[in-house]
Enquirer: 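Can you read through this structure? Questions will come right after.
Letters A, B, ... mirror the listed sequences (proteins, then strands); counts begin at 1. Just so it is clear, the structure is predicted and the values come from calculations on it, not from any experiment.
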Amino acid sequence: MAYSYFQRVYGLVKRIPRGRVATYGQIAGILGSPRGARMVGWALHVLPKKELRTVPWHRVINREGRISTTCLEHTARQQAELLKKERVAVTAVHGSYRIDLTKFLWKPF
DNA sequence: CTTATGACTTTCA
DNA sequence: CTGAAAGCCATAA
């Protein structure tokens, strides 16, 4: 394949509809690596600035429905704000943010 | 070839 | 509830 694993991640994340979220493991599973959740996270970590405005990175969260971002440029707070603008219920708890995956988890068909 | 790393996940205490 | 440790896999050096 001419495109890297990262490119596939970006392409898949772009398919996440507005108002929905997806988990790293879920995306990794679709790409054929159920255990490659770290790759998804890393792919978004090195997300080029150009792709930054085309890839809805803020719709990707961890399995607990929390924001695990360690990126200083894009804090969890910023991500939570972006999700709220998309009508995603983000609950703030003790400095952490939580999302109801049973309602907002993206289900590819 | 070997190491190191990371926006994860699961399991155990 | 929190935290630590192991497993996981693509990419870089």
Enquirer: Grab the two heavy atoms, one from A:Q79 and one from A:I61, that are nearest each other, plus how far apart they are.
Expert: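 What the structure gives for the nearest pair is NE2-CG2, 3.9 Å.
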Enquirer: Does some side-chain heavy atom of A:I67 sit less than 4.5 Å from a side-chain heavy atom of A:S96?
Expert: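 A side-chain contact is absent here, since even the closest heavy-atom pair is not under 4.5 Å.
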Enquirer: Using a 4.0 Å cut-off on protein heavy atoms (strictly under), produce a 5'-to-3' string for nucleotides 7-13 of chain C with B for base contact, S for backbone-only sugar-phosphate contact, and - for none.
Expert: BBBBB--
Enquirer: Distance-only check: which donor-acceptor pairs under 3.5 Å involve side-chain atoms of residues 37-53 of chain A, not counting sequence neighbours?
Expert:
unit_1	atom_1	unit_2	atom_2	d
A:E51	OE1	A:K14	NZ	3.3
A:E51	OE1	A:T54	OG1	3.3

Enquirer: Going by side chain to side chain donor-acceptor pair (under 3.5 Å), name the residues that satisfy it together with A:E86, two or more places apart in sequence or in a different chain.
Expert: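 Side chain to side chain donor-acceptor pair (under 3.5 Å) check on A:E86 returns A:H58, A:R59.
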Enquirer: Starting at OG of A:S33, measure out to CZ of A:R8 and round the result to the nearest 0.5 Å.
Expert: 8.5 Å
Enquirer: Which heavy atom in A:I30 sits nearest to a heavy atom in A:P108, and how many Å separate them?
Expert: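 Looks like CD1-CG, 3.8 Å.
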Enquirer: Just wondering, do A:V93 and A:Y97 contact through their side chains at under 4.5 Å, heavy atoms?
Expert: no
Enquirer: Do any of residues 54-65 of chain A sit with a heavy atom less than 4.0 Å from DNA chain B, and if so which?
Expert: A:W57, A:N62, A:R63
Enquirer: Hey, what are the protein-to-nucleotides 11-13 of chain B N/O distances that come in under 3.5 Å?
Expert:
none

Enquirer: Taking N and O atoms by type only, does the side chain of A:T69 place a donor or acceptor under 3.5 Å from a partner on the base of B:dA7?
Expert: yes
Enquirer: Are any of the side-chain heavy atoms of A:V88 and A:K84 separated by less than 4.5 Å?
Expert: no
Enquirer: Taking all heavy atoms of A:A28 and all of A:Y5, pick out the closest pair and write down the distance.
Expert: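 The answer is O-OH, 4.1 Å.
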Enquirer: What integer distance in Å separates A:I30:CD1 from B:dC8:P?
Expert: 18 Å
Enquirer: If I take atom NE2 in residue A:H45 and atom P in nucleotide B:dA7, what distance separates them, rounded to the nearest angstrom?
Expert: 6 Å
Enquirer: When rounded to the nearest 0.5 angstrom, what is the spacing between CH2 in A:W57 and CG in A:L82?
Expert: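 Rounded to the nearest 0.5 Å, the CH2-CG separation comes to 5.5 Å.
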Enquirer: Take atom CG of A:L31 and atom P of B:dT9, then tell me their distance rounded to the nearest Å.
Expert: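 These atoms are roughly 14 Å apart.
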Enquirer: For B:dA7 versus C:dA13, give the span between their C1' atoms, rounded off to a whole number of Å.
Expert: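 These two C1' atoms come out 23 Å apart once rounded.
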Enquirer: Just list the side-chain donor-acceptor pairs under 3.5 Å for residues 17-25 of chain A, sequence neighbours left out, or say none.
Expert:
unit_1	atom_1	unit_2	atom_2	d
A:R20	NH1	A:K103	O	2.8
A:T23	OG1	A:Q26	N	3.1
A:Y24	OH	A:V60	O	3.4

